[in-house]
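Quick one: this structure, given as structure tokens, is what I'll be asking you about.
Residue numbers start from 1 in every chain, and the chains themselves are labelled A, B, ... in the order their sequence lines are given, proteins ahead of strands.
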Protein chains: 2
Amino acid sequence: MKYSDKLRNSGLRPTKQRLQICEILFDTEKTFHFTINELEKKIKDKIDDKISLATIYNTVHAFEKKGYLKQIPINSNQTYFDTNITDHHHFYDLKDGKLIDLENSDVGPLKIKRKINGKKIKSIEVLVKLED
Amino acid sequence: MKYSDKLRNSGLRPTKQRLQICEILFDTEKTFHFTINELEKKIKDKIDDKISLATIYNTVHAFEKKGYLKQIPINSNQTYFDTNITDHHHFYDLKDGKLIDLENSDVGPLKIKRKINGKKIKSIEVLVKLED
DNA sequence: ACAGCTATTTAGAACCATTATAAAGTAGGA
DNA sequence: TCCTACTTTATAATGGTTCTAAATAGCTGT
């Protein structure tokens with residue numbers, strides 16, 4: 001499906017800026033992790049038009065709200081996003097601030113034994129911090 | 001052991017400010033989660049002397065470095081700290097933004113099978129997001 | 001107890017990611 | 001085309017955190 005249809009179906013107008021950001025984020029086999037700062041650089045590299053920083057923030061948040069991106073819970077001064085929206089986990093290299101995907105099979109079975117009344121588990125995220 | 005000895009043994013001078021913060025953080029059976037902002041309020045409530053915000057930051061970071069506190073990886077504009085430094089994890093209730101402790105035994109054994117060359121695992125944190 | 005040294009505290013400034021603002025531009029339906 | 005609501009944009013504002021540099025306080029050797 002074309003990005004323009006995907007966006008329209010989500011109630012988002014397929015603007016030029018959004019379509020260009022879609023290409024950068026989703027036109028690849030590989031999923032990846034990024035901060036707004038890194039995305040901004042990538043946009044500057046790959047796109048001739050300028051997209052303002054505010055629009056980048058707006059777009060990423062709109063995509064996150066629609067479920068096309070998710071935030072990675074991490075202690076950092078910047079927010080990390082992930083184009084891989086399936087349940088999976090991460091190594092976080094404290095030295096260079098880089099994230100590495102961890103397959104579910106790399107972590108072993110996770111079974112949350114405790115229940116909270118009236119609540120469902122939406123996601124389980126494992127963060128493995130690495131040091132030298 | 002007295003806090004002053006504990007601090008000295010860690011190479012931290014037992015200053016009045018650090019000892020007062022110790023009392024607030026550790027003079028309780030219960031462990032808890034807090035932000036700098038919340039700790040600042042608690043200090044204002046419980047202590048007559050003023051402790052500057054910079055000192056609160058310095059102290060919390062010093063304690064974290066020595067392993068008396070740990071950060072909780074979560075997406076928030078503020079950093080959450082935990083006085084419970086044992087292996088344990090958290091439920092995160094998306095509705096009200098509250099954290100709930102999850103004992104290590106509630107999660108089952110975690111075995112990270114993948115290795116990264118030249119890196120050691122510093123910590124493993126599990127965040128279980130809850131929805132209604 | 002004192003001197004001298006270093007660690008620590010402090011107020012305020014600086015930093016920087018993120019959010020808000022408000023004006024100009026754009027998509028899509030009638 | 002016209003209208004309206006949505007979107008983009010530059011810029012300002014916000015707010016948590018870190019930095020700075022001067023004052024203060026703990027520690028060690030004498």
Side-chain angles (χ1 to χ4, degrees), chain A residues 2-24 33-44 47-66 68-69 71-81 94 97, chain B residues 2-24 33-44 47-66 68-81 97:
Chain A
K2 284 192 307 184
Y3 293 128
S4 53
D5 295 328
K6 198 170 172 182
L7 290 175
R8 239 188 302 265
N9 292 343
S10 316
L12 298 173
R13 286 186 182 168
T15 65
K16 192 172 70 172
Q17 292 87 343
R18 283 174 178 163
L19 291 171
Q20 289 174 323
I21 291 175
C22 273
E23 284 170 22
I24 287 180
H33 318 116
F34 64 92
T35 64
I36 296 288
N37 186 25
E38 291 163 354
L39 178 57
E40 192 189 8
K41 285 201 197 98
K42 212 161 198 169
I43 289 170
K44 280 205 184 106
I47 292 184
D48 288 335
D49 311 290
K50 181 189 179 180
I51 300 182
S52 86
L53 183 58
T55 297
I56 300 175
Y57 273 98
N58 288 342
T59 301
V60 166
H61 285 145
F63 287 2
E64 189 206 357
K65 201 169 228 169
K66 296 300 181 186
Y68 303 139
L69 293 172
Q71 281 190 259
I72 302 172
I74 231 176
N75 292 123
S76 164
N77 55 328
Q78 285 171 256
T79 304
Y80 280 79
F81 294 88
L94 293 166
Chain B
K2 286 191 307 185
Y3 293 128
S4 54
D5 294 329
K6 199 172 170 181
L7 290 174
R8 238 188 303 264
N9 291 344
S10 315
L12 297 172
R13 287 183 182 172
T15 65
K16 192 174 67 173
Q17 292 87 343
R18 283 174 178 164
L19 292 171
Q20 289 174 323
I21 291 174
C22 274
E23 283 170 23
I24 286 180
H33 317 118
F34 65 93
T35 64
I36 296 286
N37 187 24
E38 291 163 354
L39 177 59
E40 192 188 7
K41 284 199 197 102
K42 212 162 200 169
I43 288 170
K44 279 202 184 109
I47 291 184
D48 289 334
D49 311 292
K50 181 188 180 183
I51 300 182
S52 85
L53 183 58
T55 298
I56 299 175
Y57 273 97
N58 288 344
T59 302
V60 166
H61 286 146
F63 287 2
E64 189 206 359
K65 200 170 231 172
K66 296 301 180 182
Y68 303 140
L69 293 172
K70 63 177 188 180
Q71 282 191 261
I72 303 171
I74 231 173
N75 291 123
S76 164
N77 56 326
Q78 285 171 261
T79 304
Y80 279 78
F81 294 88

Taking the six-membered ring for Trp, are A/F34 and A/F81 parallel (under 30°), tilted (30 to 60°) or perpendicular (over 60°)?
parallel
Output for pair (B/K66 NZ, B/N9 CG), nearest 0.5 Å, gives 11.0 Å
If you measure from OG1 on A/T59 to CD1 on A/I24, what distance do you get to the nearest 0.5 Å?
11.0 Å
Under 3.5 Å: donor-acceptor pair, side chain of A/R18, backbone of A/R13
yes
Which residues, if any, of residues 2-11 of chain B bring a heavy atom under 4.0 Å of DNA chain C?
none
Send over the distance from B/L12 CG to D/dA25 P, rounded to a whole Å.
19 Å
Between the side chain of B/E38 and the main-chain N/O of B/T35, is any donor-acceptor distance below 3.5 Å?
yes
Residues in salt bridge (charged side-chain N to carboxylate O under 4.0 Å, His left out) with B/D49, at least two apart?
B/K16
Heavy-atom side-chain contact between A/T79 and A/I36 under 4.5 Å
no
Nearest-angstrom distance from the residue atom CG of A/D49 to C1' of D/dT9
14 Å
Nearest-Å distance for atom pair NZ/P, residues B/K65 and C/dT8
11 Å
Between the two end axes of the helix from C/dA1-D/dT30 to C/dA30-D/dT1, each built from 5 base pairs, what angle do you get to the nearest 10°?
30°
N/O contacts under 3.5 Å, protein versus nucleotides 28-30 of chain D?
none

Would you kindly give the CD-to-P distance between B/E38 and D/dG16, to the nearest whole Å?
11 Å
Side-chain touch A/L7/A/L19, heavy atoms, less than 4.5 angstrom
yes
Least distance between heavy atoms, A/G97 atom then A/Y80 atom
O-OH, 2.7 Å
Are any of the side-chain heavy atoms of B/C22 and B/F63 separated by less than 4.5 Å?
yes
Return the CD1 to CD1 distance between B/I21 and B/I51, rounded to the nearest 0.5 Å.
4.5 Å
Partner residues of A/E40 under the salt bridge (charged side-chain N to carboxylate O under 4.0 Å, His left out) criterion, sequence neighbours left out
A/K44
For every nucleotide of nucleotides 9-22 of chain C, 5' to 3': is a protein heavy atom under 4.0 Å from its base (B), only from its sugar-phosphate (S), or from neither (-)?
BBB-----SBBB--
Quick one: CG on A/N75 to CD1 on B/I74, what's the gap to the nearest 0.5 Å?
8.5 Å
What integer distance in Å separates B/Q71:CD from D/dT17:C1'?
11 Å
